[in-house]
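Everything below concerns the one structure shown next.
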Protein chains: 2
Amino acid sequence: MDISPLTLNRLGVYRRALRELERAEVPRVSSQELADRFHLSAAQIRKDLAHFGELGIRGVGYEVPKLTRRLSEILGLDRKHRMVVVGMGNLGSALASYLGFNTGSFYVVGAVDNDPTKVGRKIGDFTVHSTEELAQVVQETGAEVGVLTVPAEAAQENYDLLVQAGVKGVLNFAPVRIEAVPEVPLKQVDLRSQLEELAFFLTQK
Amino acid sequence: MDISPLTLNRLGVYRRALRELERAEVPRVSSQELADRFHLSAAQIRKDLAHFGELGIRGVGYEVPKLTRRLSEILGLDRKHRMVVVGMGNLGSALASYLGFNTGSFYVVGAVDNDPTKVGRKIGDFTVHSTEELAQVVQETGAEVGVLTVPAEAAQENYDLLVQAGVKGVLNFAPVRIEAVPEVPLKQVDLRSQLEELAFFLTQK
DNA sequence: AGATGTGAATGAGTTCACAGCT
DNA sequence: AGCTGTGAACTCATTCACATCT
């Protein structure tokens with residue numbers, strides 16, 4: 001299935017909006033209502049959804065619970081995803097607990113660090129292992145996603161290790177561009193570039 | 001100055017690339033060389049830079065240190081930016097230390113939380129204050145940027161408080177869309193949507 | 001009657017290709 | 001001679017508007 005990153009991102013937005021309506025027990029919604037309530041575009045909602053077949057009912061709209069489930073399926077959020085955190089510095093540790101509390105589809109099942117003083121430490125309900133044991137940790141826990149919270153200069157090398165260890169996707173917090181292989185997609189959480197863009201506006205006025 | 005978010009984002013990329021060249025003491029670079037070395041587009045580099053006047057020398061290229069400085073100026077990264085962190089939970093505390101270590105243009109000068117058990121705690125070289133004192137903290141520290149690391153449901157209300165307190169921009173880590181006023185631009189660091197997009201690819205194969 | 005799904009029109013962003021400068 | 005700066009061509013994305021279906 002070929003689907004633009006922009007559309008993909010919006011599907012997540014729609015899903016969140018729909019979940020909110022679902023909690024409010026709204027049974028049906030038209031693209032127009034959805035657009036009005038969440039500052040979206042009705043035409044775009046319809047076009048985005050049309051990629052996945054006829055999801056709505058003409059003359060009526062979309063059934064909220066049904067569409068929510070379908071979007072979760074499409075996005076792969078209808079099942080749990082196990083993550084392993086690489087790099088247990090400040091950010092890594094925080095993230096490990098933060099993501100641990102998360103009730104969403106993602107949860108942390110393991111962590112590694114190459115600093116021997118950190119190995120063996122217990123965070124939540126898993127123990128920090130040595131980076132050498134990464135492949136083993138991935139295998140034993142069945143982790144699909146690697147979370148990179150190592151310093152910038154170690155990011156590429158640890159991405160490569162995660163690929164070798166067999167994860168299927170990587171979320172990178174290190175502020176560097178990583179050379180990714182197509183089989184293991186990489187997503188960037190870019191604190192730094194967001195701050196830089198803010199800085200631009202700070203100086204504007 | 002009107003400049004698209006996409007261009008703005010790329011300016012940051014160019015700046016990073018140029019800083020790398022600067023460290024390597026490369027005196028001049030052509031858009032083509034820059035593009036080849038950092039997987040960019042030469043035409044796009046030229047077009048992006050052309051927004052800000054004639055920054056290069058025809059027949060020669062761009063002077064690395066000069067262009068780096070100019071980009072820093074444009075992005076507002078030639079001066080320090082003080083930040084105040086709102087919400088000292090797991091993520092907030094981690095971020096406060098993490099950003100504290102950061103040698104970039106941004107540094108944390110204060111923090112608030114509405115949990116009385118957290119108030120008074122010392123993190124790095126500042127103390128956690130009560131959210132009621134936010135305006136005072138912003139004023140005393142001269143913070144320009146608010147960092148929101150509160151739970152989703154409290155994000156909007158704390159954004160509003162930051163606006164009242166007088167910050168000029170907000171970086172939000174809470175996984176919700178905030179209604180922002182144009183005078184106080186908002187940037188999102190969206191862990192969740194990045195994970196969701198990863199999830200899509202995990203299911204693809 | 002009313003909202004979806006969709007080709008057609010418009011708009012935004014990127015790439016091409018070359019005139020113009022050093 | 002060579003690389004920038006830039007209009008023109010093109011590609012990708014969004015919006016419009018309406019035929020189609022319930």
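Computed from a prediction, not measured in an experiment: that's the story for all the values here. Here is how names work: the chains are called A, B, and so on, in the same order as the sequence lines, proteins then strands, and each is numbered from 1.
- The CD atom of Gln44(B) sits 16 Å away from the P atom of dT6(D) (whole-angstrom rounding).
- Among the nucleotides dT15(D), dT14(D), dG5(C), the one closest to the side chain of Glu54(A) is dG5(C).
- Residue-level contact check: Leu49(A) touches neither bases nor backbone, having no heavy atom under 4.0 Å from any strand.
- You won't find any donor-acceptor pair under 3.5 Å spanning the side chain of Lys47(A) and the base of dT14(D), going by distance alone.
- For Ser41(A) and dT15(D), the shortest distance from a side-chain N or O to OP1 or OP2 is below 4.0 Å.
- Rounded to whole Å, atom C1' of dT4(D) lies 17 Å from atom CG of Leu40(B).
- Contact annotation: Tyr62(B) reaches the phosphate of dG5(D) (side-chain N/O to OP1 or OP2, under 4.0 Å).
- Rounded to an integer number of Å, the gap from Asp48(B) CG to dG13(C) C1' is 10 Å.
- Salt-bridge formation is detected for the pair Glu73(B)/Arg70(B): a Lys NZ or Arg NE/NH1/NH2 atom is positioned less than 4.0 Å from an Asp or Glu carboxylate oxygen.
- Distance, His51(A) NE2 to dG7(C) C1': 14 Å, rounded to whole Å.
- Taking only side-chain nitrogens and oxygens, Ser31(B) never comes nearer than 4.0 Å to OP1 or OP2 of dC3(D).
- Look at CG on Leu6(B): it is 15 Å from C1' on dT15(C), rounded to the nearest Å.
- Between Leu8(A) atom CG and dA13(D) atom C1' there is a gap of 15 Å when expressed in whole angstrom units.
- Arg10(A) comes within 4.0 angstrom of sugar-phosphate atoms only, judged by non-hydrogen atoms across all strands, and of no base.
- A donor-acceptor contact under 3.5 angstrom links the side chains of Ser31(B) and Arg46(B), judged on distance only.
- When rounded to the nearest whole Å, the span between CD1 of Ile45(B) and C1' of dT15(C) equals 13 Å.
- More than 12 heavy atoms of other residues, nucleotides or ligands sit less than 6.0 Å from atom CZ of Arg16(A).
- Taken from CD in Gln139(A) to CG in Leu134(A), the straight-line distance is 11.0 Å, to the nearest 0.5 Å.
- A side-chain donor from one of Tyr14(A) and Asp48(A) sits under 3.5 Å from a side-chain acceptor of the other.
- Side-chain atoms of Arg46(A) lie closest to dG5(C) of the nucleotides dG5(C), dT6(D), dA13(D).
- Look at CD on Gln32(B): it is 14 Å from P on dG2(D), rounded to the nearest Å.
- In the interface, the side chain of Arg58(A) is paired with the base of dT20(D) through a donor and an acceptor atom under 3.5 Å apart.
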